[in-house]
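A, B, ... follow the sequence lines: proteins, then strands. Residue 1 opens every chain. Scope of the values below: all heavy atoms of this structure, side chains included, with no hydrogens, waters or symmetry mates.
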2 protein chains.
Amino acid sequence: MTQQAKSPRRAGHGIKTPLLTVDSVLFSYHDKSLKILLVRRSSDPEKGKWGLPGGIVDIDIDDDIEATALRKLVEKTSVEPPYLDQLETIGNRGRDPRGWSVTVCYTALIAHQACAQHVSTVSDVRWVELDAALKMKLAFDHREIIGIARERQRQRALYSISSGYALAEEFTLAELQHLHELLIGKPIQKRSFRRRIEQAGLLIDTGKKRQEGGRPAALYRMKPESITHRFVRNLEAS
Amino acid sequence: MTQQAKSPRRAGHGIKTPLLTVDSVLFSYHDKSLKILLVRRSSDPEKGKWGLPGGIVDIDIDDDIEATALRKLVEKTSVEPPYLDQLETIGNRGRDPRGWSVTVCYTALIAHQACAQHVSTVSDVRWVELDAALKMKLAFDHREIIGIARERQRQRALYSISSGYALAEEFTLAELQHLHELLIGKPIQKRSFRRRIEQAGLLIDTGKKRQEGGRPAALYRMKPESITHRFVRNLEAS
DNA sequence: GCTCCTTAGTGACTATTAGACACTAAAAGA
DNA sequence: TCTTTTAGTGTCTAATAGTCACTAAGGAGC
């Protein structure tokens, strides 16, 4: 009796299709650290373990795969993230004890306070520091998926500021730079970082200031085009 | 009677899973033009129409999704491509008349002559110029998928030479440059193109020369690391 | 108010890498 | 030998990131 024979999914015309799920790596920057959202699994398999927010594609409810990702994220956070990007699809025989299964993975970004209240009221959803999550024993292959998402965000940080959607709606340039430094893993030249952003006109100056300990810092908001903008030259690679 | 109720796929534990397929956009450079491989569909739905090489994931045969992509490409070309990269996964209710379906798409590159003989012996497999393919009426959403693959290759051409795997095993710098010009859609400065490749040491000089009409050109081969290498600065965007 | 500390923001020079383009090199054919 | 063709290079310019010291604007201690 082989393992994968436990629960074959069989179509009317005789095609066995694997289980199809969606998992999202939802990043958020808070308290000067980068966190991701983890969920405690309430049912088998891997019941009780922490894993990524996601679940099975419901072809009666969801119009497309992205709809599944959003539905699951809204279930856990109560809000839709402003950034959602398909990461990679992983499918093989061994990743799920139920047999051949496929997960379509997404990277999502959100402001921490947009969902802080909802998350703090439940015990099965938690923000975990990225590096800590990568050391945890998680359900299925979710740790690998987080690693892939992190690496992709690291690469992107060299030529894009789209990761700014992980900050609060209004943020300082110092915060945006620190987030990039966390992703890249080394310090960035303040001058280079600010110059290219200003020249490309990627942020909206709210006119407001925020102060903590020194000169007040200007508060900015993301322009929508900052999601797609690519600088022609990378910051120094690590 | 609704359309998507025709053939529900239902798991042992009552989960309806969508049809799961893989499609590959296989590029190859030949006769100074960029072509992709199309296949005439031999069965319904869309029987008789041309579409991308691919098919249904067979969980009895395939160990993972990439194995399906390779298996289908070998069926049509008789060889495995040296470059295979996951592109995007598309899944929704409307793309296949059989109902909710998902396709995991790949970009593949191969030398034309590696499979020319096999392809030329069958009538249901054909190389089609990329621009022509984008004007054809193809099965399902395959034209859109080709458009996505093309755009991704265009972007990559600005900071990578991995597309060189669409050339013959040994090629001249002029050929590699022309391929990049086809992808980017505008001429490239010869000096810039060659300088960065030489400095990064991405090619192997075979020592051989090939001549056609003027001074003989040196023949090169791809180094494996040229797949992953990213130049820190893009060529001029179009 | 004055000095010092802290964080924000800028001026100005250097370094790296692509763009431009004319020049040389090596072959064939008249 | 001259012309034509394609391959390959020398060299200057332009764009953009790196470096780092400097100024700016606030608070705290005195």
Legend entry - Short side-chain donor-acceptor distance under 3.5 Å, B/Asp85 and B/Thr107: no

Is it the case that atom [atom1] in [X] sees more than 12 heavy atoms from other parts of the structure closer than 6.0 Å?
{"X": "A/Gln199", "atom1": "CD", "value": "no"}
{"X": "A/Glu75", "atom1": "CD", "value": "yes"}
{"X": "B/Glu169", "atom1": "CD", "value": "no"}
{"X": "A/Gln211", "atom1": "CD", "value": "yes"}
{"X": "A/Glu181", "atom1": "CD", "value": "yes"}

Inset, instruction - Output yes when at least one side-chain N/O atom of A/Gln189 is less than 4.0 Å from OP1 or OP2 of D/dA17, else no. - result: no

Legend entry - Check: D/dG8 base within 3.5 Å donor-acceptor of B/Arg194 side chain: no

Legend entry - Toward the 5' end of DNA chain D, by each residue's nearest nucleotide, B/Arg195 or B/Leu219: B/Leu219

Legend entry - Comparing B/Glu212 and A/Ile188 on DNA chain D - which has the more 5′ nearest nucleotide: B/Glu212

Inset, instruction - Determine, using ring centers only, whether A/Trp127 and A/His112 are less than 6.0 Å apart. - result: yes

Inset, instruction - Give a yes or no on whether the ring-centroid distance for A/His178 and A/Tyr29 is below 6.0 angstrom. - result: yes

Legend entry - Heavy-atom closest pair, residues B/Ser123 and B/Trp50: O-CH2, 3.7 Å

Legend entry - Least distance between heavy atoms, A/Arg221 atom then A/Thr206 atom: NH2-CG2, 3.9 Å

Legend entry - Residues in contact with DNA chain D, drawn from residues 160-180 of chain A - heavy-atom cutoff 4.0 Å: none

[X] has an atom [atom1]; how far is it from atom [atom2] of [N], in whole Å?
{"X": "A/Arg233", "N": "D/dG18", "atom1": "CZ", "atom2": "P", "answer": "7 Å"}
{"X": "A/Arg196", "N": "D/dT16", "atom1": "CZ", "atom2": "C1'", "answer": "9 Å"}
{"X": "B/Tyr220", "N": "D/dA7", "atom1": "OH", "atom2": "P", "answer": "12 Å"}
{"X": "B/Leu235", "N": "D/dA14", "atom1": "CG", "atom2": "C1'", "answer": "15 Å"}
{"X": "B/Asn234", "N": "D/dA17", "atom1": "CG", "atom2": "P", "answer": "11 Å"}

Legend entry - Where protein sits on nucleotides 22-30 of chain D, one letter per nucleotide: B base, S sugar-phosphate only, - none, heavy atoms under 4.0 Å: --BBBS---

Legend entry - Nearest listed nucleotide, side chain of B/Arg191, among D/dA17, D/dT9, D/dC20: D/dT9

Inset, instruction - Shoot me the first and last contacting nucleotide of DNA chain C against chain B, ordered 5' to 3', at under 4.0 angstrom to non-hydrogen atoms. - result: C/dT17 to C/dA28

Legend entry - Polar side-chain atom of A/Arg233 near backbone of A/Phe231 as donor-acceptor pair, under 3.5 Å: no

